[in-house]
Amino acid sequence: MGLVHADEMTLNIGPQHPSTHGVLRLKVKTDGEIISEITPIIGYLHRCFEKHCETLSYEQIIPFTDRCDYIAAMNNNFGYVLAIEKMMDIQVPERVKYIRVIMAEFNRIASHLLALGTFGLDVGAYTPFLYMFRDRERILDLFEITCGARLLYNYMWVGGVSHDLPVGFVEASYRFLDEFEKNTNEYHNILSYNKIFIERSADVGVLPKDVAIDYGVTGPNLRGSGVKWDLRKDEPYSIYDRFKFNVPVGKGTMGSVGDCWDRYWVRAEEMNESVKIIRQALDKMPRDGDVHEALPKKVRPPKGSIYFRTESPRGDLGYYIISDGKGGPTRVKMRSPAFTALSALSEIATGWMLSDVLVILGSLDIVLGEIDR
Amino acid sequence: MIINQKVSDILEKQFPGSVIQPEEPQNDYIQLLPNNWNEIAKFLKKETELKFDSCQCITGVDLGIEENLEVRYNFHSMKHKHKIEIRIAVDRKRPTIPSVEQVWRGADWLEREVYDMYGVRFKGHRDLRRMLLPEDWKGWPLRKDYKTPNIYNGMKVKKVRKGWD
């Protein structure tokens, strides 16, 4: 391959491109079809989240966290309210704890479904996308009957949740989980073990373990590289220590450890683990209790700062919050997992073909709303 | 969080005078002087007892017009599963601090974001450009003394109305 040297060409992918999952511009220098340099340019979706936070009260920020990662809004709420609760030392009722875990895990499944579906789209498989959206739709229906919203929930509040579970939610969830478990086999048949899909993704865009850690890559991307690191297990927050589940890691089944297929596979397996957690949570959840019981009259954390991380579908989502004892924060910084994953793109994608870049980008599962904030 | 005390003691031994001892004993963070931050960072990453191999978060902080700017680092060790927070104050007038971009690659974009929002210059950073804002943006928006410009590139900036309507 190294013998032919064509003229270098600079190419722009994006800002508007169906495969960039949002508004992202990739400045690519190519030598023939091989990529010699790739620079992601971000900021097109910058909405001044952190600047806004300085003028808002703590409760008003929750809807803003929704809009950062709009694919997994529940998980974003979750991290934020847990951080504030830790600062204020609030104990929430048992039922609220279980409801939150159920919602967060449902949202994780929905997010992974979207990630895998669009990943399929990136390599040219249209059908799996529709299959996965069918199931995602049913999760969104569950959210809709609970809080009225399908995408941006504002569901988790400091000290509780906005609405109690509606009548029939538990039964509907069980029904969904039963059917979903059957459907996962369907996904494996149409996408995971599809020969074309394997050809496109296995052994492509390998992210070695030490490079991933050095870049601060977390979540399924890090686990795809074979590192067993999951905050739900290694640094349990909320009530995750009460559930039994595994942490799937990439093993290089189809190619080498840390390739695109491994990242895909970790997400696919994680959905099954989430199903396990939801089942246990539904079984153990107290059947009654007031979800508004622990809501504080005023959200005013004492003076100080906190860095709190939770495991969002994309990785370690951290909030750095500084309070000066007033009704609003002095500073809120969001440590976005997709941001660090994208920063590693130039390392992973250099040396691959142009058509592989979109596959690698798809396998990283980025959400531009969270990167630009 | 005993790890903070341990790290603080090790650093004091290795780099005398670099740790600013807190007025009251506390366990949340370690305050350092910026001078030999790069060497300290390398030490934090390499030392077998510490092994902070993952740079989780870099936060720029402005606590008020009279105060210094501050950069706060959250590190984490995948091996030992411990974490620390390090704070380094920088002068508001001439905010420079050694870059750790070549120690942890992940610090690259995180430092650029702090530069973008606070104007902290990371000395030794190989590609210190604006991250989220356009390159022709003037000023450092998250500083407390930042004033929203009236005109941007010939376009009038709309005044934000007070309240929600």
Side-chain angles (χ1 to χ4, degrees), chain A residues 39-55 60 209-218 222 227-229 231 234-235 304-309 315-322 324 330-337 339-347 371-373, chain B residues 26 28-29 45 51-64 67 70 72-79 81-85 87 101-114 116-118 127 129-135 137 140-144 146 148 160 162 164:
Chain A
T39 326
I41 295 165
I42 61 171
Y44 294 94
L45 270 179
H46 183 54
R47 291 153 298 172
C48 320
F49 167 68
E50 287 165 15
K51 185 81 179 165
H52 273 304
C53 288
E54 293 179 3
T55 59
Q60 285 173 326
K209 195 170 162 177
D210 47 335
V211 177
I213 293 175
D214 207 14
Y215 269 95
V217 174
T218 45
L222 180 66
V227 184
K228 205 165 189 166
W229 175 254
L231 284 177
D234 292 297
E235 217 182 271
S305 64
I306 191 170
Y307 179 66
F308 195 83
R309 330 179 266 176
D316 295 11
L317 175 74
Y319 284 99
Y320 196 101
I321 300 171
I322 303 176
D324 58 353
T330 314
R331 172 94 169 95
V332 175
K333 153 98 186 170
M334 188 190 210
R335 186 262 184 206
S336 141
F339 185 81
T340 41
L342 185 64
S343 75
L345 177 72
S346 54
E347 179 81 25
I371 291 171
D372 295 341
R373 282 154 292 164
Chain B
Q26 52 76 30
D28 296 340
Y29 60 88
K45 194 183 175 189
K51 277 267 184 252
F52 289 102
D53 48 7
S54 168
C55 176
Q56 284 280 318
C57 187
I58 301 179
T59 315
V61 174
D62 183 0
L63 289 173
E67 312 240 354
E70 214 171 54
R72 299 185 178 177
Y73 299 80
N74 290 86
F75 296 119
H76 171 83
S77 168
M78 291 278 173
K79 192 164 172 240
K81 297 195 177 169
H82 55 213
K83 52 185 186 178
I84 48 161
E85 180 176 325
R87 299 182 180 181
E101 172 246 338
Q102 293 184 45
V103 185
W104 293 276
R105 296 302 313 283
D108 181 356
W109 280 26
L110 291 165
E111 281 184 351
R112 272 177 70 188
E113 198 189 328
V114 175
D116 196 0
M117 297 299 167
Y118 289 92
D127 186 23
R129 286 178 292 123
R130 291 228 183 234
M131 184 89 245
L132 298 171
L133 299 176
E135 267 170 40
W137 196 265
W140 317 108
L142 281 184
R143 282 200 194 184
K144 296 288 180 198
Y146 177 75
T148 319
V160 182
K162 286 267 188 281
W164 303 89

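Below, chains carry the letters A, B, ... as their sequence lines are ordered, and counting in each starts from 1. The model shown is predicted, which means the values in this text are computed figures rather than measured ones.
Looking only at side-chain heavy atoms (C-beta outward), A/K209 and B/M78 stay at 4.5 Å or farther from each other. A 4.5 Å side-chain heavy-atom check between A/L342 and B/W109 finds at least one atom pair inside the cut-off. With contacts defined as side-chain heavy-atom distances shorter than 4.5 Å, the pair B/E135/A/I41 does not qualify. For the pair A/Y215/B/D108, no side-chain contact is recorded, criterion being any heavy-atom separation below 4.5 Å from C-beta on.
Top candidate by heavy-atom pairs under 4.5 Å with chain B, chosen from A/R373, A/R331, A/E347, is A/R331. Options A/E235, A/E54, A/R309 differ in how many heavy-atom pairs under 4.5 Å they form with chain B, and the most are formed by A/R309. Among B/K81, B/Q56, B/M131, the residue making the largest number of heavy-atom pairs under 4.5 Å with chain A is B/Q56. Heavy-atom pairs under 4.5 Å with chain A peak, among B/K144, B/E113, B/E85, B/R130, at B/E113.
From A/D214, atom CG reaches atom CG of B/D53 across 8.5 Å, with rounding to the nearest 0.5 Å. Between B/N74 atom CG and A/K333 atom NZ the span is 10.0 Å, to the nearest 0.5 Å. For the atom pair CZ (B/R72) and OH (A/Y307), the distance works out to 13.5 Å, reported to the nearest 0.5 Å. Rounding to the nearest 0.5 Å places CZ of B/R87 at 4.0 Å from OG of A/S305.
Only the side chain of B/L133 comes within less than 4.5 Å of a heavy atom in chain A; its backbone stays farther off. A/Y44 does not touch chain B: none of its heavy atoms, backbone or side chain, sits under 4.5 Å away. Contacts between B/I58 and chain A at a heavy-atom distance below 4.5 Å involve the backbone alone (N, CA, C, O). With a threshold of 4.5 angstrom between heavy atoms, B/M117 approaches chain A through side-chain atoms but not through N, CA, C or O. Looking at B/R129, only its side chain comes within 4.5 Å of chain A, counting heavy atoms on both sides. Looking at A/T39, the atoms closer than 4.5 Å to chain B (heavy atoms on both sides) all sit in the side chain, from C-beta outward.
Closest non-hydrogen pair, B/L132 versus A/I371, comes out as CD2-O, 3.9 Å. Across every non-hydrogen atom of A/G216 and B/S54, the tightest pair is CA-OG, 4.3 Å.
No donor-acceptor pair closer than 3.5 Å links the side chain of B/R105 to the backbone N or O of A/V211.
Between B/H76 and A/W229, the ring center distance clears the sub-6.0 Å criterion.
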